[in-house]
Amino acid sequence: MNKSKKIAVALVLSGLIQACGGSSSSDAKKEATEQISTAVVHHIAPAKVAEYIEKYKQQIADVEFQFEGKKYELTFWDFGPEQKSIIARYDAGAGFVTFGFDMDKESPIANISVRHPSIAQELVSATDAIKISSAGDNYVYDGQVENKSTGGLHNVRLVINESFLSAGNSTLEIGGSEAVLNGTLGTKTYVQISEMIANNPEVKKLFLLNIDGSINDAINMHTGRLIRQAQLTTNIGENGDVNSGGVDLFAAGFKREYTTGGKVGVHAWCCENGKSAHLLKKSDPAHGAQLTYFREMLGNELGPDFYFFTINAAPAESIHVMTQAELDKYLLVKN
């Protein structure tokens, strides 16, 4: 997966933020004199988080992939070229299905390709071989994929919804007083951290290992709040490679630990009315939720300073690995 790409779902499926970038030093000087709002802003109101998670659980239960009538559980893996398709894993990660979906238009595209564990060749849908319908909150893909080598046809059925698109694929491994988090962050991560805190109160330290970013910033900020409320220590070790929304979670640690060699990557989010975050005025309301979050995690002065540092450090399609001096300045100080 592309670790430099931060896809922030501000309001579930509507408002998917795509990667873009650019910079202007003259704009930065002008913005420095602008009033930064201190209003408390949330993409998902704290009082609505439980409702949001309940809807997620209901929708994610509907997601499935069928191959020749056999049902498989799907896990998000990555976005395809130009975000016109989505790659998912099934059969415990042994199989892959790629299906058409235009993220800009929030619309399904009638094509599917499958790499099934028991078949050597990739199976691809022919023109008009896939029909798409809607059922409640779900998009349903029905049809056939073809083995080009043999001409054999295989029946497929796919059910997805907005909760699948914002779930992420994170894994959380718990051992004694420690837990290790990996993958792309999303609503799934919130559920994992929430359940860990409820069921494993002995966990005191959360290791962030390989995290390429967040697919759902709206809920990721609330995941950070869970970490802070539980007074967990967050840790990036010498083998850590933590980026974008993963850095947001690192900042949430009641205590934060870092070992030299670990990579801590930041960049701008994108886009608001076609503009990357660093091209917006500092007074733009679009900064509100992130400013609220980082004030909570790092304080009223350091929080906004860190946020604006991140969005100016690199454009959305790139990444800036923080130096030791930058880590000392922003993330490794006492709260």
Side-chain angles (χ1 to χ4, degrees), residues 1-9 12-13 16-19 52-53 55-65 71-81 83-101 103 112-117 138-139 158-174 179-196 206-224 226-227 236 239-250 263 265 269 319:
M1 284 175 284
N2 184 348
K3 71 183 179 184
S4 71
K5 187 172 291 182
K6 183 176 185 178
I7 313 290
V9 184
V12 199
L13 184 58
L16 282 164
I17 299 172
Q18 312 295 322
Y52 181 91
I53 295 300
K55 180 180 179 182
Y56 163 80
K57 290 179 177 179
Q58 293 171 358
Q59 287 191 342
I60 211 69
D62 291 338
V63 174
E64 67 175 35
F65 175 62
K71 295 182 179 181
Y72 296 94
E73 182 178 338
L74 274 186
T75 303
F76 170 85
W77 179 246
D78 203 355
F79 293 98
Q83 302 203 35
K84 294 296 176 67
S85 62
I86 294 170
I87 307 167
R89 295 186 298 177
Y90 69 96
D91 197 16
F96 285 85
V97 55
T98 301
F99 57 94
F101 197 94
M103 299 301 292
I112 290 179
S113 64
V114 178
R115 290 194 176 274
H116 194 67
N138 302 320
Y139 289 118
L158 172 71
V159 181
I160 64 158
N161 50 49
E162 62 187 25
S163 287
F164 176 78
L165 299 175
S166 62
N169 60 19
S170 58
T171 62
L172 184 67
E173 298 180 10
I174 300 171
V180 180
L181 183 65
N182 280 289
T184 301
L185 309 176
T187 317
K188 181 179 182 180
T189 317
Y190 180 95
V191 174
Q192 290 168 328
I193 296 295
S194 177
E195 291 179 349
M196 179 191 75
L206 179 64
F207 287 85
L208 307 176
L209 190 54
N210 286 292
I211 298 175
D212 59 0
S214 166
I215 201 173
N216 186 346
D217 273 5
I219 200 65
N220 192 57
M221 287 182 276
H222 288 297
T223 304
L226 290 177
I227 291 170
I236 298 178
N239 296 320
D241 190 353
V242 178
N243 301 275
S244 198
V247 181
D248 297 357
L249 295 194
F250 180 59
K263 296 179 180 178
W269 56 264
I319 203 81

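- Residues N169 and T75 bring no donor and acceptor atom of their side chains to less than 3.5 Å of each other.
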Might you work through the side chain to side chain contact (heavy atoms under 4.5 Å, CB included) test for T189 and N220, ending with a clear yes or no? CA-CA 8 Å; T189 317; N220 192 57; 5.5 Å; no

Full working for side chain to side chain contact (heavy atoms under 4.5 Å, CB included) between T223 and L185: CA-CA 10 Å; T223 304; L185 309 176; over 6 Å; no

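- Of all non-hydrogen atoms in I60 and A167, the two that sit nearest each other are CD1-CB, 4.3 Å.
- A distance-only check finds a donor-acceptor pair linking the side chain of Q192 to the backbone of S170 [under 3.5 Å].
- Once rounded to the nearest 0.5 Å, the distance linking CD of E64 with CD of E73 reads 11.0 Å.
- Annotation: side chain of L206 is in contact with side chain of L172 (closest heavy-atom distance under 4.5 Å).
- I160 has its side chain within reach of F99: a pair of non-hydrogen atoms, C-beta onward, lies under 4.5 Å apart.
- Note that OG of S166 and CD1 of I219 are 9.0 Å apart. Values are rounded to the nearest 0.5 Å.
- Atom-to-atom distance recorded for Y90:OH and L74:CG is 9.5 Å, nearest 0.5 angstrom.
- The minimum heavy-atom distance linking G186 with I215 is given by the pair CA-CG2, 3.9 Å.
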Start with the C-alpha distance between N210 and D241, add both sets of side-chain angles, then the distance that settles side-chain hydrogen bond (donor to acceptor under 3.5 Å, both in side chains), and finish with yes or no. CA-CA 5 Å; N210 286 292; D241 190 353; over 6 Å; no

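- With sequence neighbours excluded, the residues forming a side-chain contact (heavy atoms from CB on, under 4.5 Å) with E195 are K57, V191, N199, listed by chain and number.
- In this structure, CD1 on I86 lies 5.5 Å from CZ on F79, to the nearest 0.5 angstrom.
- For the pair Y139 and F101, the minimum side-chain heavy-atom distance is below 4.5 Å.
- Considering every non-hydrogen atom in both F164 and A88, the closest pair reads CZ-CB, 3.8 Å.
- Side-chain contact check for D212 and N243: no donor-acceptor pair (N or O, by modelled atom type) lies under 3.5 Å.
- Other residues, nucleotides and ligands place more than 12 heavy atoms under 6.0 Å from the CD atom of Q58.
- For the atom pair CD1 (I87) and CZ (F76), the distance works out to 8.5 Å, reported to the nearest 0.5 Å.
- The distance from the OG1 atom of T187 to the CG atom of N216 is 4.0 Å, given to the nearest 0.5 Å.
- Between K188 and G168 the shortest heavy-atom distance is CD-O, 4.1 Å.
- Tested against L181 for a side chain to side chain contact (heavy atoms under 4.5 Å, CB included), the candidates L209, I211, T171 yield a single pass: I211.
- What you find for G213 and S244 is that their closest heavy atoms are CA-CB, 3.9 Å.
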